[in-house]
Amino acid sequence: MDRWGIPSLIALPSEKSILSGLKMYLVESKGGAIVCMLFSLFFLGTWPAVMTLLERRGRLPQHTYLDYTMTNLLAAVLIALTFGEIGSERPNFFSQLSELKDNWPSVLFAMAGGVVLSLGNLATQYAWAFVGLSVTEVITSSITVVIGTTLNYFLDDKINKAEILFPGVACFFIAVCLGSAVHSSNAADNKAKLRNLPSVDGSETEATYTSAATGTLSEKEDPERGNGIVGKAKAGTAHFLVELENKRAIKVFGKSTLIGLAINFFAGFCFSLFSPAFNLATNDQWHTLKKGVVKLVVYTAFFWFSISCFIIAIILNIIFLYRPVMDLPRSSFKAYLNDWNGRGWAFLAGLLCGFGNGLQFMGGQAAGYAAADAVQALPLVSTFWGVVLFGEYRKSSQRTYILLFGMLFMFIAAVGVLMASSGHRKGA
């Protein structure tokens, strides 16, 4: 147990300690923190793909998000009841729960972080439909890094190497520029494909979008061949785009992509604040706790963080059931309870996100939250799933492929540089 009272997940063999007959591994080393970040990177890059899969199959995002929220909270509880209770030293999870009257300022910071994360996650499930999984994750992650990492650098008393950290931030900025170019190029490719589709009045792209969305295109005619019967359209074809629009829950044809970009930037701003808020909750840089009051251990802070995330998500999604946005059909709580189509996948998404966030915070407490923001390279993972599962960028132009590879290269450089900037918190 370190001086902050934080039991950790991974350490080198020399860092083992035995408390009350139980082996406990402490995240005190730079290597252990990086392992946490890598697992977090995979989990946080995978859960959006699962949520996107369900939306593309036609499941209402309100239903999916309610399921996701429950297991997301469950992950925090499991982490708190296991790692937060290992050993006999104090403070541990339960002892800190009983000290709410003393540590409530830190609890409020943790809960504020949960609120902005919940709003960001809620917004991105709509942005995915408009601008795609890959570009959504690129934009939100880059905004998170540019704003959030800078804030964490100063909150962490500059324990990360600035000469390494900020070039990493610059790599993310370049990546978001390339990501915007990828989206623009791919959108142009899709418009070129859709121009060949039959429309109601023979007009250009916008009318084609509208006719496709309303189902006037024959599902048996392959628009790229002009005749013949097709079963399932190949990814990247014009017919594939139409089939996707007809199946998905959120209809996007005929709507401006500016809507999706606006949602993206809002989500990115929310994401940029949750990690600094959590940092304040566990390290009390603003000295809001009274003298002698022990700072929140990372597991207790994560529990309160997840509680507020859960409450906001439940309230907003129940409202959206009865007052839907984005022209979604009206639903009800009863309809949600009876909707078991894809529920297991939604539960999985919540667990992945919950454990991913927990591992990010574990690594950040040991090596600095600015360096832990390297997990914002999650678009590397999301883009992989987008290409493999959803056929994104199939049959696109050479220009789009060059920009896509450039974007991925900058993200690889960014994650490496941010991890290299890892420091060591004094006393950690």
Side-chain angles (χ1 to χ4, degrees), residues 44 47-48 50-52 54-55 59-80 97 100 104-129 136 140 144 249-250 259-260 262-278 281 300-340 342-343 345-358:
L44 293 178
W47 78 266
V50 177
M51 300 278 275
T52 301
L54 294 177
E55 185 274 324
R59 194 168 197 250
L60 290 177
Q62 306 98 303
H63 293 187
T64 299
Y65 203 84
L66 285 168
D67 290 336
Y68 151 90
T69 299
M70 294 179 186
T71 49
N72 186 253
L73 177 62
L74 176 62
V77 173
L78 290 175
I79 289 174
L97 284 184
L100 182 59
W104 63 267
S106 293
V107 169
L108 289 181
F109 278 121
M111 296 187 76
V115 169
V116 291
L117 178 66
S118 185
L119 292 174
N121 283 340
L122 185 60
T124 53
Q125 69 174 339
Y126 295 96
W128 293 326
T136 297
T140 55
T144 300
I250 303 174
I259 297 174
I263 297 172
N264 251 334
F265 280 101
F266 171 77
F269 179 75
C270 290
F271 289 152
S272 69
L273 298 179
F274 84 84
S275 180
F278 195 91
T300 307
F302 186 45
F303 172 77
W304 289 114
F305 174 93
S306 300
I307 286 289
S308 64
C309 194
F310 174 81
I311 293 172
I312 292 296
I314 291 293
I315 292 173
L316 291 179
N317 278 281
I318 289 179
I319 291 174
F320 289 161
L321 286 176
Y322 298 94
R323 296 181 179 274
V325 295
M326 303 296 175
D327 298 324
L328 285 164
R330 189 175 183 273
S331 185
S332 65
F333 193 70
K334 181 179 179 181
Y336 157 69
L337 293 176
N338 291 329
D339 180 13
W340 286 89
R343 176 156 285 164
W345 287 107
F347 286 157
L348 174 63
L351 289 173
L352 289 172
C353 184
F355 284 113
N357 285 330

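Starting from 1, each residue takes its place in the sequence as its number.
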* To do: Any chance you could measure L122, atom CG, to I263, atom CD1, to the nearest 0.5 Å?
  => 10.0 Å
* Taking atom CZ of F269 as the centre, does the number of heavy atoms from other residues, nucleotides or ligands within less than 6.0 Å exceed 12? -> no
* Please step through side chain to side chain contact (heavy atoms under 4.5 Å, CB included) for the pair Y65 and N121, ending with a clear verdict. => CA-CA 9 Å; Y65 203 84; N121 283 340; 3.1 Å; yes
* Asked: By side-chain hydrogen bond (donor to acceptor under 3.5 Å, both in side chains), which residues pair with S331, not counting sequence neighbours?
  -> H63
* **Non-neighbouring partners of W304 that pass side-chain hydrogen bond (donor to acceptor under 3.5 Å, both in side chains), sequence neighbours left out** => none
* Enter the distance from F355:CZ to N72:CG here, rounded to the nearest 0.5 Å. => 10.0 Å
* To do: Please tell me if the side chains of V116 and F271 come closer than 4.5 Å, counting only heavy atoms from C-beta onward.
  => no
* Looking at CD1 of I79 and OG1 of T300, how far apart are the two atoms once the value is rounded to the nearest 0.5 Å? -> 12.0 Å
* **Heavy-atom side-chain proximity of Y68 to M51 below 4.5 angstrom** => yes
* Asked: Which atom names give the shortest non-hydrogen contact between T64 and A346, and what distance separates them?
  -> O-CB, 3.8 Å
* Shortest non-hydrogen contact from Q62 to P324? -> NE2-CB, 3.8 Å
* Asked: Is any side-chain heavy atom of F320 closer than 4.5 Å to a side-chain heavy atom of L66?
  -> no
* Asked: Minimum heavy-atom separation for A249 to L328, with atom names?
  -> O-CD2, 3.2 Å
* Structure fact -> Here the gap from L273 atom CG to L119 atom CG, rounded to the nearest 0.5 Å, amounts to 10.5 Å
* Asked: Taking only residues at least two apart or on different chains, which pairs with a member in residues 61-77 satisfy salt bridge (Lys or Arg N to Asp or Glu O under 4.0 Å)?
  -> R59-D67, D67-R343
* Shortest non-hydrogen separation from C309 to L117 and the atoms involved -> SG-CD2, 4.5 Å
* Asked: Distance from L321 atom CG to L60 atom CG, nearest 0.5 Å?
  -> 8.0 Å
* Structure fact -> Rounded to the nearest 0.5 Å, the OG atom of S332 sits from the CD1 atom of I318 at a distance of 11.0 Å
* Asked: If every non-hydrogen atom of A127 is compared with every non-hydrogen atom of T136, which pair is closest and at what distance?
  -> O-OG1, 3.4 Å
